[in-house]
**Student:** 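Mind having a look at this structure? Questions to follow.
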Number of protein chains: 2
Amino acid sequence: MLKSIVTHIKQYVKPSAEELNQFTALLQEVSVAKRKFLLLPGTHVKHEYFVFKGCLKAYYMDDKGNKHVVQFAIENWWIGDFDAFYNQVSSKLHIEAIEDSQLLAINYDDLQALYDEAPVFERYFRLLVTSAFVAQRKRILSALEKDAKARYLEFRLSYPSIETRVPNYHIANYLGVSAESLSRIRRSLKS
Amino acid sequence: MLKSIVTHIKQYVKPSAEELNQFTALLQEVSVAKRKFLLLPGTHVKHEYFVFKGCLKAYYMDDKGNKHVVQFAIENWWIGDFDAFYNQVSSKLHIEAIEDSQLLAINYDDLQALYDEAPVFERYFRLLVTSAFVAQRKRILSALEKDAKARYLEFRLSYPSIETRVPNYHIANYLGVSAESLSRIRRSLKS
DNA sequence: TCTCTTAATTGACATAGGTCAAGGAGATTG
DNA sequence: CAATCTCCTTGACCTATGTCAATTAAGAGA
């Protein structure tokens, strides 16, 4: 359970055994059953979460009740409401489990303190945010450049393990197309 | 000239005078005339740039020759090809001056070394990337949720100082609408 | 296995926004 | 002050994708 997050960290930085212990001591295990929520809008967000088992989605629900998927997360991904977490404002997102999920939570204050005590983790999170930033930029460019079919194909290529685990209408909400359009796109790809 | 970047840094972190000197010693001044390029696709990106005078845009040009604006930058903004800079891959973006511009450049290797010597700057850049990440997430949600008119209104509210300095067709390329559509939107707002 | 719920598909129709083509208003430059 | 440029506007038409409504298929409990 801790092994997966340690492996993840080591892909970015090389903390000492002691530093790793400092970090893992801060983690709390959290479980969320399928269709249950890890986070609701309006909440004060105190944690960011690392998924070690399961699958979840973070989405924004607009005034008309339409859901817009900000992010999916499966094993070895971080999920949370970054905006609310880092700026310590109240959340605007739902985070809902698509499958029964198990996560490791890290607390905001603990993390800030850790940055001072063990700067290697500040680097780890800097690198994480940087790569998330780059991925988001790519998503923005796709939205600007590509039509729905091309975005769907790109999604399948980028996230094959998500595509097979998640209902299509969630993917539609991620890509910014209606479920009906996605269905038609998929039919057109069969031939 | 250095004053503006020092002020910017101090809004995020509190480095010592010595640390600030360390940082500013690494900066090189760069000028780009209107319509000239700071960066072309295919280039090896060695620098990230802080604008202390002027206005620029970073855009991706697709196979059809359509330009998609990734970012504008005016005084006190950082601009560059983050993806190419951090992952040290070749650039996919054009960065072009919209007005005669003056920038401060920081070199990749220098910055990595500085992170070790003065971690306060690693924090500064972590915070910068974090806020850029949050801004991008907002942009993604706008693209998913809002129609062209609403996105334009949001842009005007978020970046009034850019809206007045930049030709409308650049803004259209940022919002993901045609220049013609933006013109019609603007007409509809007059009445 | 039967039932109920959740997901996916399909058709008919509506519409936001794109594309193409033309013209015009300001700027800039020789 | 011409002569270009650059940028913005407008009209006519087209297309991708959305919306609504109904149907079917697939899962999940009991």
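A note on names: the letters A, B, ... follow the listed sequences, proteins ahead of strands, and every chain is numbered from 1.
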**Student:** Considering only residues two or more places apart or on different chains, which pairs with a residue in residues 110-138 of chain B satisfy salt bridge (charged side-chain N to carboxylate O under 4.0 Å, His left out)?
**Tutor:** A/Asp116-B/Arg123, A/Glu122-B/Arg123, A/Glu122-B/Arg126, A/Arg123-B/Asp116, A/Arg123-B/Glu122, A/Arg126-B/Glu122
**Student:** To the nearest Å, give me how far apart CD1 (B/Ile98) and P (D/dT6) are.
**Tutor:** 15 Å
**Student:** Check nucleotides 8-10 of chain C for protein N or O atoms closer than 3.5 Å to its own N or O atoms and list the pairs.
**Tutor:**
| residue | atom | partner | partner atom | Å |
| --- | --- | --- | --- | --- |
| C/dA8 | OP1 | A/Asn168 | N | 3.0 |
| C/dA8 | OP1 | A/Asn168 | ND2 | 3.4 |
| C/dA8 | OP2 | A/Asn168 | N | 3.3 |
| C/dA8 | OP2 | A/Tyr169 | N | 3.2 |
| C/dT9 | OP2 | A/Ser183 | OG | 3.1 |
| C/dT9 | O5' | A/Ser183 | OG | 3.2 |
| C/dT10 | OP2 | A/Arg187 | NH1 | 3.3 |
| C/dT10 | O5' | A/Arg187 | NH1 | 3.4 |

**Student:** Starting at CG of B/Asp147 and ending at C1' of D/dT17, how long is that distance when rounded to a whole Å?
**Tutor:** 14 Å
**Student:** Under the side-chain contact (heavy atoms from CB on, under 4.5 Å) rule, collect the residues that match up with A/Glu180, sequence neighbours excluded.
**Tutor:** A/Ser178, A/Arg184
**Student:** Is there any salt bridge (charged side-chain N to carboxylate O under 4.0 Å, His left out) pair reaching into residues 9-25 of chain A, and which pairs are they, with sequence neighbours excluded?
**Tutor:** none
**Student:** What protein N or O atoms touch nucleotides 22-28 of chain D N or O atoms at under 3.5 angstrom, if any, and at what distances?
**Tutor:**
none

**Student:** Distance check needed: D/dA16 P versus A/Leu175 CG, whole Å only.
**Tutor:** 18 Å
**Student:** Does the separation of the ring centres of A/Trp78 and A/Phe85 fall below 6.0 angstrom?
**Tutor:** no
**Student:** Can you list, by residue number, the residues of residues 59-72 of chain A that have a non-hydrogen atom closer than 4.0 angstrom to DNA chain C?
**Tutor:** none
**Student:** Who are the side-chain contact (heavy atoms from CB on, under 4.5 Å) partners of A/Phe37, not counting sequence neighbours?
**Tutor:** A/Leu40, A/Tyr59, A/His94, A/Glu96
**Student:** For nucleotides 22-27 of chain C, tabulate all protein N/O to nucleotide N/O atom pairs closer than 3.5 Å, reporting atom names and distance.
**Tutor:**
none

**Student:** With ring centroids as reference points, do B/Phe72 and B/Tyr159 lie under 6.0 angstrom apart?
**Tutor:** no
**Student:** If a pair satisfies salt bridge (charged side-chain N to carboxylate O under 4.0 Å, His left out) and one of its residues is in residues 140-149 of chain A, list it, with sequence neighbours excluded.
**Tutor:** A/Lys146-A/Glu154
**Student:** Write down the distance between CG (B/Asp100) and C1' (C/dT28), rounded to a whole number of angstrom.
**Tutor:** 14 Å
**Student:** Just say parallel, tilted or perpendicular for the rings of B/Tyr60 and B/His68, cut-offs at 30° and 60°.
**Tutor:** parallel
**Student:** Could you state the CD-P distance from B/Glu163 to D/dC7, rounded to the nearest angstrom?
**Tutor:** 16 Å
**Student:** So, taking the atom named CH2 in B/Trp77 and the one named CD1 in B/Ile79, what distance separates them when rounded to the nearest 0.5 Å?
**Tutor:** 9.5 Å
**Student:** Of all residues at least two apart in sequence or in a different chain, which pass the side-chain contact (heavy atoms from CB on, under 4.5 Å) check with A/Lys34?
**Tutor:** A/Asp100
**Student:** Taking salt bridge (charged side-chain N to carboxylate O under 4.0 Å, His left out) as the cut-off, I'd like each qualifying pair that reaches into residues 61-79 of chain B, sequence neighbours left out, listed once.
**Tutor:** B/Lys53-B/Glu75, B/Glu75-B/Arg165
**Student:** Quick one: B/Lys149 NZ to C/dG17 C1', roughly how many Å, whole number?
**Tutor:** 14 Å
**Student:** Suppose the criterion is ring pair (Phe, Tyr, Trp, His ring centres under 6.0 Å): which pairs have a residue in residues 12-33 of chain A, not counting sequence neighbours?
**Tutor:** A/His8-A/Tyr12, A/Tyr12-A/Tyr124, A/Phe23-A/Phe121
**Student:** Looking at OG of B/Ser181 and OH of B/Tyr152, how far apart are the two atoms once the value is rounded to the nearest 0.5 Å?
**Tutor:** 13.0 Å
